[in-house]
Structure formats: C-alpha cells, structure tokens
Amino acid sequence: MGPFDWLPRAPLEPLYLDWLKGVELAVLRLDRIDPLISGNKWFKLTGHLAQAQTASGIISLGGAYSNHLHALAAAGQRLGFPTVGLLRGHPQDTPTVLDLKAFGMQLHWLGYGGYRARHAPDFWLPWREQYPHLHPVPEGGGGMAGALGCAVLLEQARAQLHTLGWADYDGWWLAAGTGTTLAGLALAEAGAHPVYGAMAVPDDHGVAQNIEALVQGGYELLDACRGGFAKIDAVLRDFIEATEQACGLPLEPLYTGKALLALKQQIEAGRFKPGTRLIFIHTGGLQGRRGFTG
Ligand SMILES: Cc1ncc(COP(=O)(O)O)c(C=O)c1O
C-alpha cells in the first residue's frame, strides 16, 4: 500500500478570547484538514502507513466512539485500502460505528474482557493469521511511528507564522490521551520550544510513561481530566458553548474542550505573561461529539 501523497495542511488561525489577558493564542486547526479524516489521527496514521509498505491494508482497535477508527476507516475508503476494526464491548450502532460500516471497515466486537487483553503478547496472533496482509496499528495510532507522523505539524505551523505577524512562538498547548502527538512535537522541537500537554486522562493511564519511552524532555504534563476520562461537568459544557459563541471554534468535551479550559485556568493563575505566544492544537474529535448530543 502507499506511499500516499495526500498530506493535508492544517490552517493556523488567531484566536481572540476575553480571558487571554494579553497572551497571544493561535490554533492549528487539525479539525479542518478534511471533512471526514479529521484531527491528529491522520498525522499519526501517516507514520504507520509508512511502515506498512508491503501490507495491503490496516487492522486496528478502539471503542464505539473512537476518533482513531473513524479516521482510519475514512482514510481507507478515500485512499482505497481495506480496514479492519477490533471494537471494545458488544455490538452497538453508535453514530461512529454506523460511519465505520458505511466507510467499509470490517468490524469484530471483542467484548470487554477480550479488549482488555489487547496488551497481551499473543493478542495479535489470531488476527495476524486471519488477516496476514494487514498491518496492525496500536490503539489510538500510538508508538514511535505515530509520533513521527506528527512531526510535520511543526513545519506546517512554522510555515504560517507570518500570517499572524509572528516571527516566533513560545510554546505549544494540546490535549494528551496517549501522549503520542505531544511526543511527536517534542521530538521535532528537540527542546527549542516547550510542549504543554493537558492530560485528558488520569495519571494511571500511563501517559507519562508512554511519552518517556519516545522522547527525553522538552515537555510538561498538566492534569486536565476533571475527575476522569470522559467525565463532563457543567463548567466544561458552559465553557465549550461560550467559546463557540465567542469565536466560532467548535470543541468537543473529551480532549479539546478540556485542554483549552485548562489553558484558561493556567492563564488566570498567572502562569503565562502578557505577550506570550502559544499555539493550541485543535486535535479534532468533533465526530465523537455525536455521542454526547444524542
Ligand atoms: C480528539 C483527540 N484529541 C487528542 C487526542 C490525544 O492524542 P494522543 O493520544 O496522541 O495524546 C485524541 C486521542 O487520543 C483525540 O481523539
């Protein structure tokens, strides 16, 4: 399969919000690269696709609202390679799952116990036997291949700095789920600018360990999970609504909403001086919003 020469460009846009207190903020809109293949997922996948030269397609895994499977299935349909999705839990037709089917992804439901076994050494064996021509990609498109696929984000943002009138910037701000995207940026920056990761999951999900395995230093992790992954409260809901009304930026509650709210709190706490220039990465995930709006 591949190589694919489809490398969409994420627009870099200024963000004006009344709580910025002189901090200058731009957003790299990965949610706008394509109507279907959205967010950091495509960039992570490019790293895996580069390793899958001799395969004919991709097999991967995720939940019934997975942004990763959604982007993978859409990419398979768009670029013409077969995809197989191993799903957590029991068959259900969420909006995401209906899309996966419509995109032609072949689905297998693993139950909850079966899905928990995904880190076991022999997990992939039966799937490799059943699908010998497919390249396995870990949950969320993680690992070094996924991180390397995100390095291009740095070039994309730098190439657009002039549109903001910026000669340089002071750091990155983004949501971390596995930490792969953050690791890719920190690798590409090699310490030149700090990368701040707003963790959408609690400490025990191993984000810090994932990142340490990929890169040494150049980043900082902050808790942004608000009591747990996918826990949504009224303050967060109101913030997302107010942001959309104030500047038109759509956010979802699991990653991008929590990450931007955590930045607001840090600015309110005096963490960044006026004049500091930050790039917030909109990592997409808007398709998953349908799970919360019915
Ligand atoms: C919308 C969205 N943003 C951010 C992330 C976090 O990315 P990463 O796993 O690379 O830290 C994810 C997935 O985990 C996601 O779906």
Side-chain angles (χ1 to χ4, degrees), residues 10 12-17 19-21 23-33 38-41 43-44 65 67-68 140-142 147 150 153-154 157 169-186 189 193-203 205 207-208 210-211 219-244 246-269 271-272 276-289 292:
L12 184 68
E13 301 172 351
L15 263 188
Y16 304 106
L17 290 157
W19 48 263
L20 286 172
K21 295 193 165 84
V23 171
E24 293 183 51
L25 188 62
V27 54
L28 190 64
R29 300 282 307 263
L30 308 194
D31 60 313
R32 289 191 48 201
I33 59 172
S38 171
N40 55 343
K41 304 302 171 191
F43 295 94
K44 291 200 259 185
Y65 295 95
N67 293 319
H68 164 64
C150 295
L153 296 176
L154 187 81
Y169 54 97
D170 298 297
W172 296 86
W173 191 275
L174 77 160
T178 61
T180 310
T181 310
L182 180 150
L185 278 172
E189 283 283 3
H193 301 92
V195 186
Y196 299 98
M199 286 196 293
V201 296
D203 275 348
H205 280 228
V207 181
N210 289 345
I211 299 172
Y219 64 90
E220 182 181 326
L221 293 174
L222 302 95
D223 174 43
C225 78
R226 308 186 67 79
F229 179 58
K231 286 228 167 113
I232 301 169
D233 54 71
V235 173
L236 176 66
R237 273 186 214 280
D238 291 351
F239 173 74
I240 289 173
E241 205 183 305
T243 305
E244 190 154 0
C247 66
L249 185 72
L251 299 168
E252 48 67 55
L254 304 197
Y255 297 98
T256 51
K258 285 186 176 178
L260 196 62
L261 179 51
L263 175 60
K264 175 173 182 274
Q265 289 165 342
Q266 291 292 316
I267 289 176
E268 282 167 356
R271 169 86 195 241
F272 297 109
T276 305
R277 289 175 164 166
L278 296 176
I279 302 176
F280 169 61
I281 304 192
H282 192 310
T283 41
L286 297 173
Q287 71 82 25
R289 284 212 290 197
F292 301 94

- [ ] Output yes when E252 and R289 qualify as a salt bridge under the 4.0 Å nitrogen-oxygen rule, no when they do not.
- [x] no

TODO: Using a strict 4.0 Å threshold on nitrogen-to-oxygen distance, state whether E241 and R237 make a salt bridge.
DONE: no

Is there a donor-acceptor pair closer than 3.5 Å between any side-chain N or O of [X] and the backbone N or O of [Y]?
X    : Y    : value
H193 : L278 : no
K231 : R226 : no
K41  : G285 : no
N210 : T178 : yes

Taking C-beta and beyond as the side chain, do [X] and [Y] meet within less than 4.5 Å on heavy atoms?
X    : Y    : value
L185 : Y219 : no
I240 : P253 : yes
F43  : I33  : yes
V201 : C225 : no
L221 : L182 : yes
P250 : D31  : yes
Y16  : C247 : no
R271 : L222 : yes

On a heavy-atom basis, which atom in [X] and which in [Y] lie closest, and how many Å separate them?
X    : Y    : answer
A198 : A224 : CB-CB, 3.7 Å
A200 : L254 : CB-O, 3.3 Å
K44  : C150 : CG-SG, 3.5 Å
T256 : G284 : CG2-O, 3.9 Å
L249 : F280 : CD2-CE2, 4.4 Å
L153 : L28  : O-CD2, 4.0 Å

Open item on the list: Please determine whether the number of non-hydrogen atoms from other residues, nucleotides or ligands lying under 6.0 Å from atom CD of E244 exceeds 12.
Closed with: yes

- [ ] Tell me, yes or no, whether the heavy-atom count around D233 atom CG, taken from other residues, nucleotides or ligands under 6.0 Å, exceeds 12.
- [x] yes

Open item on the list: I'd like to know if the side chain of E189 pairs up with that of W172 as donor and acceptor (distance under 3.5 Å, no hydrogens or angles considered).
Closed with: yes

TODO: Tell me whether the centres of the aromatic rings in Y255 and F229 are closer together than 6.0 Å.
DONE: yes

TODO: Report the distance from atom CG of L12 to atom NE2 of H282, rounding to the nearest 0.5 Å.
DONE: 13.5 Å

TODO: Output the distance between atom OG1 (T181) and atom CD1 (I211), rounded to the nearest 0.5 Å.
DONE: 9.5 Å

Task: Stepwise side-chain contact (heavy atoms from CB on, under 4.5 Å) check, L20 with I267 - done: CA-CA 7 Å; L20 286 172; I267 289 176; 3.9 Å; yes

